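Since the structure is predicted, the reported quantities are computational estimates derived from the model, not experimental observations. Start at 1 and go down the list; that is how both ligands and their atoms are numbered.
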Amino acid sequence: MKTLETLGRIGESPEGMQRLAFTPADVEGRKYVTTLMTRAGLEVRVDPAGNIIGRVEGKEPGLSAIALGSHTDTVPSGGKYDGALGVLGAIECVQSLRDQSITTRRPIEVLDFTNEEGTRFRRWLYGSRAMAGVLESDDLTAVDDEGVTIGRRLEDVGGDISRIQEARRQKGDLCAYLELHIEQGPVLHQAGIPIGVVTAITGRIALEVSIIGFANHAGTTPMTNRRDALLTASRIIQAVNSIATHEEICRVGTVGMAKVSPNAENVIPGRVDLSVEFRDVELDRLHEAVHRLNGICQQLVLDKDFEIKVSELGVTKSAPMSPRLREIIEKASLGLGLNTTSLPSGAGHDAQSMAEITDVGMIFVPSVDGISHSPKEYSDPEACANGANVLLNSLLAIDGEGD
Ligand code: GLV
Ligand code: MN
Ligand code: MN
């Protein structure tokens with residue numbers, strides 16, 4: 001709790017955590033994580049994708065490592081637990097083993113992934129996708145809202161875009177990846193169950209929709225002659241919501257960002273750029289949602305003299321958790337007297353990238369009132385400690401398995 005509290009002060013503001021990837025606060029948070037890793041006896045390096053990797057060797061040579069991790073960047077006005085619990089909980093496990101002079105058979109690696117949230121560049125799971133070797137060419141040339149390239153930003157966290165391929169880990173390099181995380185939804189809190197065993201992580205399609213109308217005088221342009229991009233954007237926002245609610249095409253749909261130009265009270269908006277995301281475990285449903293959205297946009301273009309561009313920014317496949325690790329997490333929880341339930345994750349996680357190269361398992365603990373990506377995000381000390389204990393005992397169980 002002490003380390004969570006300390007990290008939670010880095011990048012804190014009255015509106016919540018502002019530890020966005022690549023900001024000075026993120027760099028400071030990463031420095032703190034590095035200090036904790038070193039104190040726990042981990043040897044620390046930063047890979048070319050900026051991922052912080054702490055490693056402690058095991059006592060049997062030649063065995064692949066067990067990896068534990070998450071991220072320490074936050075969304076704007078975010079909370080103190082999303083990501084942080086998984087990284088600090090993992091370090092605590094290693095510290096705990098050290099305090100008790102326990103050396104595992106296998107090496108242990110603690111991973112703090114770069115830009116999980118994707119707030120910068122709108123490219124999420126950046127570090128874990130680099131590690132899994134699933135970055136796409138656009139990921140390497142991305143430029144952020146301030147006109148700064150990803151290569152330049154990576155330098156700020158010790159990465160190197162020219163060597164990013166070297167961040168890739170091969171299948172068999174790690175024998176498992178475990179991620180402890182707050183649930184970020186209401187299921188565990190409402191049911192009063194301390195541990196969630198994740199079954200699968202949702203898939204997601206991220207898009208940008210640009211509506212180009214015509215900026216004109218708000219006082220003189222008759223209502224009939226307007227090409228108001230914001231008015232059309234509002235119809236698209238309604239449609240995104242409806243695709244997931246009334247039409248039930250996919251599980252959720254969200255417009256989280258809107259950029260209005262020129263954004264002045266006496267000018268009819270000439271252009272609006274919207275972020276749109278759809279999430280579902282079934283990829284087909286995501287494609288169907290995009291198809292429907294395209295159809296609605298085409299109709300809006302026909303009705304009015306507008307240009308609407310829909311661009312796909314990225315598709316993240318859903319990822320099933322390993323049955324073997326689910327069983328291990330379940331047993332570790334019951335062994336600690338903690339009840340469990342199995343549930344899917346509606347949020348995205350680095351574990352879904354890591355599923356490309358190793359078996360992955362996720363442990364959820366309750367989020368009070370199911371609130372996350374908000375300064376009100378809270379998981380109580382007992383919940384956090386329960387999660388870390390399950391993480392530790394799961395790690396030991398994996399270490400005790402046959403080769
Ligand atoms: C990551 O936090 C997400 O958006 O699910
Ligand atoms: Mn997270
Ligand atoms: Mn998050």
Using only atom types and a distance under 3.5 Å, with no angle test, would you say the side chain of Asp399 pairs donor to acceptor with the backbone of Arg105? yes
### Query
Can you check whether Leu135 reaches Tyr126 side chain to side chain, under 4.5 Å on heavy atoms?
yes
Between Glu248 and Thr245 the two heavy atoms that sit nearest each other are CG-O, 3.1 Å
At a cut-off of 2.8 Å, protein N/O/S around the Mn ion (ligand 2) gives His71 NE2, Asp82 OD1, His181 NE2
Mind listing the side-chain donor-acceptor pairs of residues 195-209 below 3.5 Å, one per line with the distance, residues two or more places apart or on another chain?
residue: Thr199; atom: OG1; partner: Leu343; partner atom: O; Å: 3.3
residue: Thr202; atom: OG1; partner: Arg251; partner atom: NH2; Å: 3.3
residue: Thr202; atom: OG1; partner: Asp280; partner atom: N; Å: 3.3
residue: Arg204; atom: NE; partner: Glu277; partner atom: OE1; Å: 2.7
residue: Arg204; atom: NH2; partner: Glu277; partner atom: OE1; Å: 2.8
residue: Glu208; atom: OE2; partner: Arg122; partner atom: NH1; Å: 3.0

Applied to residues 124-135, the salt bridge (charged side-chain N to carboxylate O under 4.0 Å, His left out) test, sequence neighbours excluded, yields Arg129-Asp139
Would you say Thr23's side chain and Leu20's backbone share a donor-acceptor pair under 3.5 angstrom? yes
The protein residues that pass the under-4.0 Å heavy-atom test against ligand 1 are Glu116, Glu117, Trp124, Arg279, Ala347, Gly348, His373
CD of Glu330 to OG of Ser394, rounded to nearest 0.5 Å, is 10.5 Å
Smallest heavy-atom separation, Arg279 atom then Cys250 atom, equals O-CB, 4.1 Å
_Taking the basic N atoms (NZ, or NE/NH1/NH2) and the acidic carboxylate oxygens, is any pair closer than 4.0 Å for Arg153 and Glu155?_
no
Worksheet item: Should Asp73 and Arg19 count as an ion pair when the cut-off is N to O under 4.0 Å?
Response: no
For the Mn ion (ligand 3), the nearest N/O/S atom on His373 is atom NE2
